[in-house]
Structure formats: structure tokens, C-alpha cells
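In what follows, residues are counted from 1 in the order of the sequence shown. In what follows, every heavy atom counts, from backbone to side chain, and hydrogens, waters and symmetry copies are set aside. Quantities reported herein were computed from a predicted structural model and do not represent experimental measurements.
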Amino acid sequence: MGTTATDEHAFHELTSTYRHELHLHCYRILGSLTDAEDAVQETLLAAWRGLDTFEGRSSLRTWLYRIATNRCLNVLRDTGRRRPPEPVPPFDPPEPSRRGEVTWLEAYPDELLKDSEPGPEARYSTREAVELAFITGLQLLPPRQAATLVLRDVLCFPADEVASMLGTTETAIKGMLQRARASLDKHRARAAHRPSAQERALTRRFADAFTEGDLDGVLRLLTDDAWLAMPPAPHEYHGRDAIAGFLRVTMAIPVEAFTMTPTRANNQPAFQCRHGEAPAGLMVLTLDGERIRGITRFLAQK
């Protein structure tokens with residue numbers, strides 16, 4: 001028996017409630033807005049095609065998360081889809097401190113975030129679980145460990161449901177979760193949260209110094225262990241001296257008026273950058289106390 005427009009409308013109404021949270025779930029695992037959007041589309045298409053097989057043994061939400069998680073794991077197995085081309089800078093950059101691994105990372109605009117309270121068993125707050133340090137740390141985990149940690153510690157699915165989603169045992173889930181927690185704690189640094197007035201003052205000072213080409217003013221706002229990353233370029237600069245070396249070169253290049261418009265991404269302060277009328281990427285700041293600990297410049301993201 002064929003489907004009708006009424007069937008499709010009913011399915012859309014049934015699943016639209018979960019679309020935003022599925023998108024954020026896929027972003028957490030994949031670290032890429034583009035890949036997350038594709039994964040959600042594939043999830044809903046697979047759910048529509050397989051609706052007759054949904055027997056109601058679990059909730060619709062759990063069923064959709066099972067499909068979405070496995071779509072994400074399929075993406076992670078396709079390494080050719082994970083690596084964007086490395087951009088070629090129009091200048092000779094200084095030697096980086098290291099080459100970053102997560103070159104596919106993209107920022108998650110705050111306007112896409114929905115307010116939600118974490119479950120009573122959540123190990124990470126809603127805010128923590130979207131910050132760049134957390135998302136980057138997830139990308140460095142084995143895919144099934146990352147999926148397990150998100151499903152258990154962020155979304156609070158029971159261990160037996162996670163085991164069913166991933167086609168394994170509760171014992172295996174417990175082991176993967178322990179390893180994932182230990183690894184993630186090594187990779188991520190907790191960003192200090194501050195009152196919004198202080199945050200705005202600090203980030204405004206940074207933007208003023210940066211747009212005026214005041215290198216010393218920028219450096220004074222950084223922590224000693226600050227870092228600069230520029231996905232999809234793998235170049236990373238760690239420490240004030242390394243950052244100074246890179247900015248000294250880039251600030252010396254004549255460009256049309258550089259502007260920075262405040263916005264937010266990943267629950268962190270950010271700036272939309274422009275050279276005159278041309279987009280020049282998105283800059284996200286990681287704050288630590290009275291200083292800035294991280295600058296992530298997403299070169300290709302508007």
C-alpha cells in the first residue's frame with residue numbers, strides 16, 4: 001500500500017520535535033555542521049523508509065537516536081569524507097607549534113541551540129557539552145567510545161538502551177565509557193564561566209586590539225599557555241611567543257578594513273570577521289579567568 005501526502009505530513013509532525021536535538025547529537029559526534037546536517041537528513045529518510053519496522057519496543061526518540069548514532073559512525077568510517085582540503089595561506093607562515101588533527105571542526109552557532117536541562121545522571125552540563133574543548137576531545141576518541149559517552153553522560157540513555165543502539169553488551173558499554181571519560185579528561189580543559197558583563201568587556205578589548213593591529217594589546221589579554229588554531233588548516237600555535245610570531249606576519253599584510261561583529265558559537269563568545277564586504281571566517285574565544293586561553297579561527301565558516 002503506497003504512502004500519501006497525509007502520511008508524510010504525519011511523519012514530519014511526529015519527528016520534527018526531535019530534529020534539533022538530533023542535529024546537535026550528530027554535531028557532537030562528527031564535529032562538523034555539514035556532516036551533522038547530512039546525517040540528520042539520512043536519519044529521517046531511513047526512519048521514514050523503515051517506519052513499518054518500528055515495533056514500539058523503545059520510544060520513538062530512542063529509535064531515532066539509534067539510527068542517527070549509527071549514521072554518524074558510518075560517516076566516521078568514511079575517512080575520505082572527514083578531511084577538508086588544507087587551505088594554502090597567501091603568505092609564508094612561521095613554523096607551527098604542532099599540526100592539529102581535527103581539521104574538520106566547525107563552530108556551532110548559538111542560535112541553533114535549544115534550552116534544555118541535563119538529566120539527573122548527566123556528567124556534563126548542557127553548556128559544557130557543546131564547548132569547543134568538549135567537541136574537540138570527542139573527535140580524538142575512537143568513534144564508538146565517543147558515541148557511548150555522548151549517549152550515556154550527556155543524554156543519559158540507560159546502559160541497556162545504549163548497548164542495543166550500538167549492537168553490543170552492557171559490559172562492553174561500561175568499559176568503553178570508562179576509557180572515554182579518562183581520555184576526554186586529558187584532552188579537554190574546562191572553560192571558566194564568567195558574568196556576561198565581564199565577558200563582553202574582555203572580548204571587546206580583544207576585538208579592539210585585533211582590528212587596530214595592536215599586537216601587544218592582543219598578547220596582554222592571553223594566558224601564558226594560550227593557543228591559536230585555524231580549522232581547516234592544521235597549523236596550531238601554542239604559547240604567547242608562537243602566537244606573536246604568527247600574528248606579526250599576518251598583521252603586516254595590507255588588507256581592506258578588518259571588522260569583527262560579536263556573536264556566539266558553542267556557548268562561547270565569537271566574532272564574525274570581514275575584510276571590507278568579504279567574509280573572513282568566524283573567530284571563537286575560549287576564556288580562562290581574566291584572560292583568553294584559546295583563539296579558534298574557522299577560516300571557511302561564515
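Contact record, Pro109 with Leu33: CD-CD1, 3.7 Å, taken as the closest heavy-atom pair. Residues Ala129 and Ile135 share a closest heavy-atom pair of O-CD1, 3.9 Å. Across all non-hydrogen atoms, the minimal contact from Ala46 to Ile67 is CB-CG2, 4.0 Å. Across every non-hydrogen atom of Pro231 and Ala229, the tightest pair is CD-C, 3.6 Å. Nearest heavy atom pair, residue Arg297 against residue Cys273, reads NE-SG, 4.2 Å. Here the shortest heavy-atom pairing between Ala242 and Ser97 reads CB-OG, 3.6 Å.
Without hydrogens or angle criteria, Gln139 side chain to Arg28 main chain gives a donor-acceptor distance under 3.5 Å. With Trp104 contributing its side chain and Leu30 its backbone, the two residues share a donor-acceptor pair below 3.5 Å. Side-chain N or O atoms of Arg98 include none that pairs as donor or acceptor with a backbone N or O of Tyr237 at under 3.5 Å. Side chain of Asp153 to main chain of Arg123: no donor-acceptor pair is present (N/O by atom type, distance under 3.5 Å, no hydrogens or angles). Using a distance-only test at 3.5 Å, with no hydrogens or angles considered, no donor-acceptor pair links the side chain of Thr136 to the main chain of Ala133. No donor-acceptor pair under 3.5 Å is formed between the side chain of Gln301 and the backbone N or O of Leu282. Using modelled atom types, no side-chain atom of Glu131 and backbone atom of Asn266 make a donor-acceptor pair closer than 3.5 Å.
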Quiz prompt | Criterion side-chain contact (heavy atoms from CB on, under 4.5 Å) on Thr103 and Glu86, from CA distance to verdict | solution = CA-CA 8 Å; Thr103 57; Glu86 181 178 333; over 6 Å; no

Quiz item: Please walk me through it: do Thr259 and His275 pass side-chain hydrogen bond (donor to acceptor under 3.5 Å, both in side chains)?
Solution: CA-CA 7 Å; Thr259 58; His275 285 137; over 6 Å; no

Quiz item: Do Gln272 and Met260 pass the side-chain contact (heavy atoms from CB on, under 4.5 Å) test, and can you show the C-alpha distance, the side-chain angles, and the key distance before you say yes or no?
Solution: CA-CA 6 Å; Gln272 294 282 358; Met260 299 170 65; over 6 Å; no

Quiz item: So Leu73 and Leu166, side-chain contact (heavy atoms from CB on, under 4.5 Å) or not? Walk me through it.
Solution: CA-CA 10 Å; Leu73 294 178; Leu166 298 181; 3.9 Å; yes

Exercise. Decide yes or no on side-chain contact (heavy atoms from CB on, under 4.5 Å) for Phe271 and Thr263, but give the supporting numbers first.
Key: CA-CA 5 Å; Phe271 294 94; Thr263 184; 5.6 Å; no

Exercise. Applying side-chain hydrogen bond (donor to acceptor under 3.5 Å, both in side chains), run through Asn74 and Arg71 and close with a yes or a no.
Key: CA-CA 5 Å; Asn74 288 339; Arg71 293 286 161 175; over 6 Å; no

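The distance from atom CG of Asp160 to atom OG1 of Thr169, rounded to the nearest 0.5 Å, is 12.0 Å. Distance check: Leu22 CG to Leu44 CG gives 6.5 Å after rounding to the nearest 0.5 Å. In this structure, the separation between CZ on Phe258 and CE on Met251 is 8.5 Å, given to the nearest 0.5 Å. Here the CZ atom belonging to Arg181 is positioned 12.0 Å from the CD atom belonging to Gln145, to the nearest 0.5 angstrom. In this structure, CE on Met176 lies 13.0 Å from OG on Ser183, to the nearest 0.5 angstrom. Residue Ile173 holds its CD1 atom at 11.0 Å from CG of Leu149, rounded to the nearest 0.5 Å.
Under the 4.5 Å side-chain heavy-atom criterion for ILVMFWY residues, no single connected hydrophobic cluster contains both Leu45 and Trp63. Transitive grouping of hydrophobic side chains (ILVMFWY, heavy atoms separated by less than 4.5 Å) brings Leu112 and Val150 into a common cluster.
A salt bridge (charged side-chain N to carboxylate O under 4.0 Å, His left out) with Asp224 is found for exactly one of Arg293, Arg291, Arg240, namely Arg240.
A donor atom on one side chain and an acceptor atom on the other are found under 3.5 Å apart for Thr286 and Gln268.
Tyr27 places a side-chain heavy atom less than 4.5 Å from the side chain of Leu24. Looking only at side-chain heavy atoms (C-beta outward), Asp214 and Val218 stay at 4.5 Å or farther from each other. Residues Pro94 and Val249 meet the side-chain proximity criterion, which asks for heavy atoms closer than 4.5 Å. Within the 4.5 Å cutoff, no side-chain heavy atoms of Phe298 are placed close to those of Pro232. With contacts defined as side-chain heavy-atom distances shorter than 4.5 Å, the pair Thr261/Arg274 does not qualify. Residues Trp227 and Glu236 form no side-chain contact, since every pair of their non-hydrogen atoms from C-beta on lies 4.5 Å or further apart. The shortest distance between side-chain heavy atoms of Leu202 and Glu290 does not fall below 4.5 Å. With a 4.5 Å cut-off on side-chain heavy atoms, His238 and Leu228 do not count as touching.
Electrostatic pairing of Arg264 and Glu199 counts as a salt bridge here, judged by a charged N lying under 4.0 Å from a carboxylate O. Salt-bridge annotation for Asp216 and Arg220: absent, with no side-chain N of the basic residue lying under 4.0 Å from a carboxylate O of the acidic one. Salt bridge Glu161/Arg66: absent, no basic N to carboxylate O contact under 4.0 Å.
More than 12 non-hydrogen atoms from other residues, nucleotides or ligands lie less than 6.0 angstrom from CD of Glu13.
Aromatic ring centroids of Tyr18 and His23 lie 6.0 Å or more apart.
Ring-plane geometry between Tyr124 and Phe134 is classed as perpendicular, the angle between the planes exceeding 60 degrees on a 0 to 90 degree scale with a lower cut at 30.
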